[in-house]
Asks: 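Could you have a look at this structure, given as structure tokens, before my questions?
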Amino acid sequence: MIKLSVNINKIATIRNARGGKIPDVKEAAIRCQMFGADGITVHPRPDERHIKYSDVFDIKSIITTEFNIEGYPSEKFINLVLEAKPHQVTLVPDPPDAITSNAGWDTKKHKIFLKKAITRFKNAGIRTSLFIDTNKENILHATDCGTDRIELYTEAYAKNYKTNPEKAVEPFVNAAIIANKQELGINAGHDLDLTNLNYFIKNIPNLLEVSIGHALISDALYLGLENTINMYKREILR
Ligand code: PXP
């Protein structure tokens, strides 16, 4: 069964607009899990403009599913993850001022750096995933980095799905076939939503997990969080 990990950064963004504790990210994580999410994802950025470093420990304390922390592996981030000990860490090459993740790793160029970080996480028993595009070289070099999984960066799929779904998914299918051969686990995320999720899932062999934030939290404004999570789960199952 493909897991739905709900990224709750947007909840923190709303909270931070006012300061204080409303909406409460810990409560949101509890409810996401209660309503059927298979995991919770957070992406603490260096300026803490969404999820704060302290949120990570609050949320960790109520996790009953799978906890995934994403981020750029700075020394501060690595220490946070080693202390929080999530089930999975997803390494993203985003600069501190990026609005959202906007590229995958060049795994050849950054191999030594990534290998070092991955070794530290694996020694601590934390599963690792690398956010990458569908480029074959990047997948092959990801294997050399020693990562357990890759997370396919699906922005291009979501964008092109609207005009030509078949063409949009093709590079991701090819990437998944390569990853399967390399025995890399496959996650996916970015701009997945209720319209494009099912087609992606149906076409990608051995997809393990999707990480969804922006569209899901936005849908929840109109449809309610419980209903929305159920709708995403239905798209995964149908
Ligand atoms: N995966 C990674 C690595 C991300 O950085 C993000 C966005 O924070 C997501 C998945 C989720 O993307 P979206 O918010 O578009 O669903």
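Scope of the values below: all heavy atoms of this structure, side chains included, with no hydrogens, waters or symmetry mates. Since this is a predicted model, take the numbers as computed values, not measurements. Whatever order the structure lists them in is the order used to number ligands and atoms, beginning at 1.
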Asks: Which of the atoms in ligand 1, numbered in the order shown and given with their element, are less than 4.0 Å from a heavy-atom of Ile212?
Replies: 16 (O)
Asks: How close does the nearest protein non-hydrogen atom get to atom 7 (C) of ligand 1, and which residue and atom is it?
Replies: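 Checked against all protein heavy atoms, atom 7 (C) of ligand 1 sits closest to Thr100 OG1, 3.8 Å.
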Asks: Taking all non-hydrogen atoms of both residues, which atom of Asp191 and which atom of Ala158 are closest, and how far apart?
Replies: O-CB, 3.3 Å
Asks: Considering non-hydrogen atoms only, spot the tightest contact between Tyr232 and Asp219 and give its length.
Replies: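 That closest heavy-atom pairing would be OH-OD2, 2.7 Å.
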Asks: Using a 4.0 Å cutoff against the non-hydrogen atoms of Val92, which atoms of ligand 1 qualify?
Replies: 3 (C)
Asks: So does Asp55 pair up with Arg15, basic N to acidic O under 4.0 Å?
Replies: yes
Asks: Could you tell me whether Asn7 approaches ligand 1 through its side chain, its backbone, both or neither, with non-hydrogen atoms closer than 4.0 Å?
Replies: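 Near ligand 1, Asn7 shows its side chain, while the N, CA, C and O stay back.
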Asks: Using a 4.0 Å heavy-atom threshold (strictly under), name the region of His214 that reaches ligand 1: side chain, backbone, both or neither.
Replies: both
Asks: Which residue from Gly71, Ser211, Ala158 reaches closest to atom 11 (C) of ligand 1 through any of its heavy atoms?
Replies: Ser211
Asks: Charged N to carboxylate O under 4.0 angstrom, Arg120 versus Glu75?
Replies: yes
Asks: Would you call Glu66-Lys3 a salt bridge at under 4.0 Å N-O?
Replies: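 A salt bridge is present here (some side-chain N lies under 4.0 Å from a carboxylate O).
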Asks: Hey, does Ala215 sit under 4.0 Å from ligand 1 if you only count heavy atoms?
Replies: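 False for this residue.
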Asks: Is any side-chain N of the basic residue among Asp47 and Arg49 closer than 4.0 Å to the acidic one's carboxylate O?
Replies: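 The answer is yes: the pair qualifies as a salt bridge.
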Asks: Which is it for Glu151 and ligand 1 at heavy atoms under 4.0 Å: side chain, backbone, both or neither?
Replies: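 Only the side chain of Glu151 comes within reach of ligand 1.
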Asks: Is the shortest heavy-atom distance from the side chain of Ile217 to the side chain of Thr13 under 4.5 Å?
Replies: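 Side-chain contact under 4.5 Å: no.
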Asks: Is the shortest N/O to N/O distance between Gly213 and ligand 1 below 3.5 Å?
Replies: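 Among all N and O atoms of Gly213, at least one is under 3.5 Å from an N or O of ligand 1.
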Asks: Do the side chains of Lys233 and Asp38 get close enough for a salt bridge, i.e. N-O under 4.0 angstrom?
Replies: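 Yes.
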Asks: For atom 5 (O) of ligand 1, grab the closest protein heavy atom and report residue, atom and distance to one decimal in Å.
Replies: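 Among all protein heavy atoms, the one nearest atom 5 (O) of ligand 1 is Ser101 OG, 2.5 Å.
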Asks: When you measure from atom 2 (C) of ligand 1 to every protein heavy atom, which one gives the shortest distance, and what is it?
Replies: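 Here the nearest protein heavy atom works out to Glu70 OE2, 3.1 Å.
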Asks: Quick test of your reading of the model: are Arg238 and Glu235 salt-bridged, counting only N-O distances below 4.0 Å?
Replies: yes
Asks: Could you identify the single nearest non-hydrogen protein atom to atom 12 (O) of ligand 1 and state the distance to 0.1 Å?
Replies: His190 CA, 3.4 Å
Asks: Nearest protein heavy-atom contact for atom 15 (O) of ligand 1: which residue, which atom, what distance?
Replies: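 Ranking protein heavy atoms by distance from atom 15 (O) of ligand 1, first comes Asp191 N, 2.8 Å.
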